[in-house]
Trainee: 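Take this structure first; my questions come after.
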Amino acid sequence: MAETILELTDVQAHYGRIQALKGITLNLEKGEIVSIIGANGAGKSTTLMTICGIIKASAGTVRYKGQVINDMSPDKLPGLGLCQVPEGRRIFPRLTVEENLDMGAFHRKDKAEIKRDVEMVFDLFPILRQRRHQAGGSMSGGEQQMLAMARALMTRPEVLLLDEPSLGLAPIIVAHLFEIIKDINKEKGVSILLVEQNANIALNTANRGYVLETGHVVMQDEAQTLLNNPDIRKAYLGE
Ligand SMILES: Nc1ncnc2c1ncn2[C@@H]1O[C@H](COP(=O)(O)OP(=O)(O)O)[C@@H](O)[C@H]1O
Ligand SMILES: [Mg+2]
């Protein structure tokens with residue numbers, strides 16, 4: 001039977017007097033890839049930031065592995081296996097690839113294991129092995145996204161929150177990146193909540209999807225069902 005690893009119940013969030021989330025209910029089962037799609041400004045990033053405590057929910061609950069984490073400090077969560085790759089990557093541009101990866105392991109003390117995980121992420125992203133001594137900021141957008149994801153994997157996540165990994169990348173790079181996202185899910189057993197404006201690639205990667213409009217979930221279904229829905233195709237797939 002499926003096991004819920006992350007669960008939002010009627011979550012609201014505000015920026016001052018602006019209400020960005022108006023009652024979001026969603027769940028991620030262990031082993032799933034679930035995608036949140038929606039137009040710019042729908043509340044996708046706010047949802048992820050509320051999950052990881054950067055924004056405090058003004059109502060509702062966020063549960064991770066059954067525990068309410070609304071009041072958890074954001075820097076505690078990677079140590080518990082919940083890690084976000086934020087929109088715009090936010091790697092450390094002056095640090096080398098290796099140094100960026102070390103930052104991902106900041107809460108860990110197991111030196112030998114950390115070294116092994118660095119090799120593991122280099123196997124997953126061979127280009128990063130070639131660039132290991134290069135400053136993160138000197139790399140291409142696709143390589144920086146890979147570095148951001150690799151750094152998150154150094155926390156040994158059970159749940160990865162990915163915010164617009166495709167943003168600003170060429171289609172061929174996006175396709176490659178999403179193959180690796182599937183590998184991370186399948187081979188490493190990481191459950192993934194994937195936020196994307198690129199609904200096509202997101203729904204082709206995910207098991208299920210949620211459609212967000214102005215802070216509300218307006219539709220949720222199997223990803224394939226959403227992909228075949230004429231309204232979704234018209235609104236989000238450019239038809
Ligand atoms: N720092 C902020 N201050 C005020 N309003 C914000 C801020 N960030 C986002 N918003 C507003 O909250 C809503 C949701 O934004 P966001 O979660 O970033 O949407 P998405 O990621 O789907 O594009 C939008 O109306 C946006 O203008
Ligand atoms: Mg966003």
Trainee: Would a hydrophobic clustering, with Ile, Leu, Val, Met, Phe, Trp and Tyr connected at side-chain separations under 4.5 Å, put Ile24 with Val218?
Mentor: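 No: no chain of side-chain contacts under 4.5 Å links Ile24 to Val218.
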
Trainee: Say whether Met146 and Leu167 are linked into one hydrophobic cluster, either directly or through other cluster members, by side-chain heavy-atom distances under 4.5 angstrom.
Mentor: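 Different hydrophobic clusters.
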
Trainee: State, to 0.1 Å, how close Phe106 and Asp75 come at their nearest heavy-atom pair, and which atoms those are.
Mentor: CZ-O, 4.1 Å

Trainee: Looking only at heavy atoms, which two atoms of Gln84 and Ile54 are closest? And how far apart?
Mentor: NE2-CD1, 3.6 Å

Trainee: Under a single-linkage definition using a 4.5 Å side-chain heavy-atom cutoff for Ile, Leu, Val, Met, Phe, Trp and Tyr, are Ile201 and Leu203 assigned to the same hydrophobic cluster?
Mentor: no

Trainee: Find out if a path of hydrophobic residues (ILVMFWY) with successive side-chain heavy-atom gaps under 4.5 Å connects Leu77 to Leu8.
Mentor: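 Linked, Leu77 and Leu8 end up in one cluster.
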
Trainee: Checking Glu87 against Ser45: is there a side-chain donor and acceptor pair closer than 3.5 Å?
Mentor: yes

Trainee: Between atom CD1 of Ile181 and atom CG of Leu177, what is the distance when rounded to the nearest 0.5 Å?
Mentor: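 These two atoms lie 5.0 Å from each other.
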
Trainee: For the atom pair CD (Glu32) and CZ (Arg208), what is the distance rounded to the nearest 0.5 Å?
Mentor: 4.0 Å

Trainee: Which is it for Thr46 and Tyr15 under the side chain to side chain donor-acceptor pair (under 3.5 Å) test, yes or no, and what are the steps along the way?
Mentor: CA-CA 10 Å; Thr46 305; Tyr15 295 99; 2.8 Å; yes

Trainee: Is any side-chain N of the basic residue among Arg116 and Glu113 closer than 4.0 Å to the acidic one's carboxylate O?
Mentor: yes

Trainee: Answer yes or no: does atom NZ of Lys188 have more than 12 heavy-atom neighbours from other residues, nucleotides or ligands under 6.0 Å?
Mentor: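 Correct, the count exceeds 12.
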
Trainee: Is Arg129 paired with Glu119 through a side-chain N to carboxylate O contact shorter than 4.0 Å?
Mentor: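 Answer for the salt bridge query: yes.
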
Trainee: Just checking, is any N or O donor in the side chain of Ser58 or His14 under 3.5 Å from an acceptor N or O on the other one?
Mentor: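 Their side chains do contain a donor-acceptor pair, which is all the 3.5 Å distance test asks for.
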
Trainee: Taking all heavy atoms of Leu128 and all of Ala150, pick out the closest pair and write down the distance.
Mentor: CD1-CB, 3.7 Å

Trainee: Just by distance, with hydrogens left out, do Arg89 and Gln145 show a side-chain donor and acceptor under 3.5 Å apart?
Mentor: yes

Trainee: Verify the distance criterion only: is there a donor paired with an acceptor across the side chains of Glu29 and Asn27 at less than 3.5 Å?
Mentor: yes

Trainee: Counting N and O atoms only, with roles assigned by atom type, does the side chain of Lys182 sit under 3.5 Å from a partner on the main chain of Thr205, one being a donor and the other an acceptor?
Mentor: no

Trainee: Supply the atom-to-atom distance Leu227 CG to Tyr236 OH, rounded to the nearest 0.5 angstrom.
Mentor: 14.0 Å

Trainee: Count I, L, V, M, F, W, Y as connected when their side-chain heavy atoms are under 4.5 Å apart, and connections chain through other members. Are Leu160 and Leu28 then in the same cluster?
Mentor: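 No, no single cluster joins them.
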
Trainee: Could you check whether any side-chain heavy atom of Val11 comes within less than 4.5 Å of a side-chain heavy atom of Thr61, counting everything from C-beta outward?
Mentor: no

Trainee: CD1/Ile51 to CD/Glu7 distance, rounded to the nearest 0.5 angstrom?
Mentor: 11.5 Å

Trainee: How about Lys56: does its NZ atom have over 12 heavy atoms from other parts shown lying under 6.0 Å from it?
Mentor: yes

Trainee: Any salt bridge between Lys65 and Glu158, counting N to O under 4.0 Å?
Mentor: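 Looking at Lys65 and Glu158, the cut-off is met.
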
Trainee: Show the numbers, then the answer: is there a side chain to side chain contact (heavy atoms under 4.5 Å, CB included) between Gln224 and Asn204?
Mentor: CA-CA 7 Å; Gln224 276 306 319; Asn204 274 299; 4.3 Å; yes

Trainee: Ignoring hydrogens, what is the shortest heavy-atom contact between Gly38 and Gln197? Give both atom names and the distance.
Mentor: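 Heavy-atom minimum between the residues: O-CG, 3.7 Å.
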
Trainee: Are Glu98 and Arg132 close enough for a salt bridge, meaning some N to O gap below 4.0 Å?
Mentor: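 Yes, this pair counts.
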
Trainee: Please give me the minimum heavy-atom distance between Pro157 and Leu153, naming the atom from each residue.
Mentor: CD-O, 3.5 Å

Trainee: Should Asp163 and Val85 count as side-chain neighbours, where that means a heavy-atom distance under 4.5 Å?
Mentor: no

Trainee: Does the side chain of Leu161 come within less than 4.5 Å of Leu82's, by heavy atoms?
Mentor: yes

Trainee: Under 4.0 Å between a side-chain nitrogen and a carboxylate oxygen: does that hold for Arg108 and Asp117?
Mentor: yes

Trainee: Can you name the closest pair of heavy atoms from Arg131 and Val97 and give their distance?
Mentor: O-CG2, 3.2 Å

